[in-house]
Amino acid sequence: MKRGALVVPEEFATHYRAHAFEITGLLCWAKAMDWDVLRIDEDIGGYDVYMTNISSTETEYISVIRMAEPGAKVVACFDYGFDVVGQYFSNLERVKTVLKRADRVFSVNRNQLAWLRLMMPDKKMAYCPHPADVENIRKYRRKIEERDLGVGAMWHQYDNYHVQSLEVIKGVERLLGRNINKCLLGLKGRLMAERGISIPATSIPMTGDGDKMVPLDPEYERYVKMVPQGMGWDSVFPYVGVQPWYDVLGRFAVTLDMYTVNSFGRFGIDSAGVGVPCVASTKQDSSEILWPTTKVNPYEPVGAVKMLARLITDREF
């Protein structure tokens, strides 16, 4: 039999097959383990080991795998942080039932692991962060003098904390006595539009040549509100394809992540990959590993202001 397969929803498989490398943590396991990526509706028999994700829409994947290959080992990833799990499940009894069918269960962040152990004390659990394709991400590193986009602050769909990030950067502007280009990164336009959220911005990233210039995201007018210069974000950059994401991320002098949700912290990993220093939230596992010197308490703004200011002015640091 073949060694291993990652079983995912159709949109994940389509995305994986369309890109040279991946940003989605779950899909990165395929390259790391040299596994095939399969849709749940394909012929998935013939493998020794299967990995799948457990979510609000894919709770029965393990049952399908068991029917297709009864003797195989099944590894289940549950990657919902417990700060946000209530947004997707009214209770977790069904999740427990399905997870118990797997041979191994792992969590991608430490806080989540403690909750899983509380839920299923007799089940073997492991803490195993998603891998990242560092080999490809590093190709987007730039020289310091080429990082001309100022400060990029990450927007998170699970955490409405972008206003606080903006105020931190404005605090740095007052401290240094000069303007800083302020960019909000990673918006998912569909989610913003559905929630009726408008983000203030004074410019919109464009693509194309000459008269053919168009907004990078055609849905911008639905969730970006134009405001006078200096009042809000100078630019907003959406959640885009893999290569454009890293190309733009590598152009920032510094990144800021004030995420308050306990999680793995992929943005800190992406910043490290492209070689851009990140002022990272202490709520993220990756900040402890990659940014121990620049990590800050997201609920306390003074530390973030001081750290951002130092990174902007002290090139040696």
Run the side-chain contact (heavy atoms from CB on, under 4.5 Å) test on L92 and M119 for me, step by step, so that the C-alpha distance in whole Å, both residues' side-chain angles and the decisive distance to 0.1 Å come before the verdict. CA-CA 9 Å; L92 296 173; M119 288 166 51; 3.6 Å; yes
Which heavy atom of L149 sits nearest a heavy atom of N181, and at what distance? O-ND2, 2.7 Å
Cluster check V134, I269: I/L/V/M/F/W/Y, side chain < 4.5 angstrom: no
Under 3.5 Å, is there a donor-acceptor pair between the side chain of R310 and the main chain of T294? no
Please tell me if the side chains of T202 and M231 come closer than 4.5 Å, counting only heavy atoms from C-beta onward. no
D217 with K188: basic N within carboxylate O range, under 4.0 Å: no
Side-chain heavy atoms nearer than 4.5 Å, only ILVMFWY residues, links allowed to pass through others: does that put V163 and I180 together? no
Looking only at heavy atoms, the pair that brings Q284 and V261 closest together is NE2-O, 2.8 Å
Just checking, any donor-acceptor pair under 3.5 angstrom between side chains of D83 and Y158? no
Can you find a heavy atom in the side chain of V7 that is under 4.5 Å from one in the side chain of I65? yes
Do L26 and V8 have side chains that get closer than 4.5 Å, going by heavy atoms? yes
Side-chain (S287) to main-chain (K283) donor-acceptor, under 3.5 angstrom: no
What orientation do Y223 and Y220 show, parallel under 30°, tilted 30 to 60°, or perpendicular over 60°? parallel
Let me check something: do V227 and I204 share a hydrophobic cluster, defined by ILVMFWY side-chain heavy atoms less than 4.5 Å apart, either directly or through other members? no
Do S281 and D257 pair up side chain to side chain, a donor and an acceptor below 3.5 Å, judged on atom types alone? no
State whether the side chain of E300 and the backbone N or O of V302 hold a donor-acceptor pair below 3.5 Å, judged by distance alone. yes
Examine the side chains of S63 and R101 and answer whether a donor and an acceptor come within less than 3.5 Å of each other. yes
If you count the non-hydrogen atoms of other residues, nucleotides and ligands that lie under 6.0 Å from NZ in K306, is the total more than 12? no
With heavy-atom distances below 4.5 Å as the criterion, would you say the side chains of V254 and I312 are in contact? yes
Which heavy atom of W233 sits nearest a heavy atom of A153, and at what distance? CH2-CB, 3.6 Å
Show, in sequence, the C-alpha distance, side-chain angles and deciding distance for E173 and K170, and conclude whether the salt bridge (Lys or Arg N to Asp or Glu O under 4.0 Å) test is met. CA-CA 5 Å; E173 289 180 321; K170 287 183 175 182; over 6 Å; no
Joint cluster assignment, V214 & V236, ILVMFWY side-chain distance < 4.5 Å: no
Which pair of non-hydrogen atoms, one from A102 and one from A76, has the smallest distance, and what is that distance? CB-CB, 3.7 Å
dist L256:CG -> M307:CE (nearest 0.5 Å) comes out at 12.0 Å
Rounded to the nearest 0.5 angstrom, the CE-OH distance for M258 and Y299 is 10.0 Å
So, are E42 and R39 salt-bridged, with charged N and O less than 4.0 Å apart? yes
Does R251 form a salt bridge (Lys or Arg N to Asp or Glu O under 4.0 Å) with D247? I'd like the steps, not just the answer. CA-CA 7 Å; R251 290 182 56 191; D247 183 55; 6.0 Å; no
Would you call R141 and E146 a salt bridge, using N to O less than 4.0 angstrom? no
Applying a strict under-4.5 Å side-chain criterion to I, L, V, M, F, W and Y, I'd like to know whether I144 and W291 cluster together. no
Can you see whether S203 engages S235 through a side-chain donor-acceptor pair at a distance of less than 3.5 angstrom? no
Smallest separation among heavy atoms of V168 and P301, with atom names: CG2-CB, 4.3 Å
Determine whether the aromatic ring centres of W29 and F106 lie less than 6.0 Å apart. yes
Salt-bridge test for D48 and K73: reply yes if a basic N is under 4.0 Å from a carboxylate O, no otherwise. no
What verdict does the side-chain contact (heavy atoms from CB on, under 4.5 Å) test give for D234 and N179, after you've listed the backbone C-alpha separation in whole Å, the side-chain angles of each residue and the deciding distance to 0.1 Å? CA-CA 10 Å; D234 296 306; N179 292 331; over 6 Å; no
Rounding to 0.5 Å, atoms CE (M67) and CD1 (I44) come to a distance of 8.5 Å
Non-hydrogen side-chain atoms of T255 and V279 separated by less than 4.5 Å: no
Worked check of side-chain contact (heavy atoms from CB on, under 4.5 Å) between H130 and D79: CA-CA 9 Å; H130 284 320; D79 56 4; 3.5 Å; yes
Give me each pair satisfying side-chain hydrogen bond (donor to acceptor under 3.5 Å, both in side chains) with a member in residues 114-128, each pair once, sequence neighbours excluded. Y127-D285
Side-chain donor-acceptor contact under 3.5 Å, E22 with H15: yes
Is a side-chain N or O of R266 found less than 3.5 angstrom from the main chain of I23, in a donor-acceptor match? yes
State, yes or no, whether a side-chain contact exists between C77 and I54 at a heavy-atom distance under 4.5 Å. no
Do the side chain of S271 and the main chain of C278 share a donor and acceptor less than 3.5 angstrom apart? no
CG of L6 to NZ of K31: how many Å apart, nearest 0.5 Å? 15.0 Å
Value rounded to 0.5 Å, distance of CZ in F12 from CZ in R17: 13.5 Å
Name the orientation class of the two ring planes belonging to Y140 and F21 (parallel below 30°, tilted from 30 to 60°, perpendicular beyond 60°). tilted
Taking only Lys NZ, Arg NE, NH1 and NH2, and the carboxylate oxygens of Asp or Glu, determine whether E219 and R190 approach each other closer than 4.0 Å. no
Can you see which heavy atom on R178 is nearest to which on T313, and at what distance? NH2-CG2, 4.4 Å
Taking the side chain as every heavy atom from C-beta outward, state whether L38 and Y47 have any atom pair closer than 4.5 Å. yes
Got a donor-acceptor contact below 3.5 angstrom from the R110 side chain to the S263 backbone? no
cation_pi(R147, F252) dist<6.0 Å, angle<=45: no
Audit row: E145, R315, salt bridge (Lys or Arg N to Asp or Glu O under 4.0 Å) steps and yes/no: CA-CA 11 Å; E145 54 269 20; R315 179 164 173 165; 3.5 Å; yes
Indicate yes or no for a side-chain donor-acceptor contact from R66 to the backbone of A72 under 3.5 Å, with no hydrogens or angles considered. yes
If we only count heavy atoms from C-beta on, is the W35 to M51 side-chain gap below 4.5 Å? yes
Go through M125 and R104 one step at a time and tell me if the side-chain contact (heavy atoms from CB on, under 4.5 Å) criterion holds. CA-CA 7 Å; M125 304 282 182; R104 292 289 185 272; over 6 Å; no
Between the CG atom in L187 and the NE2 atom in H156, the distance rounded to the nearest 0.5 Å is 11.0 Å
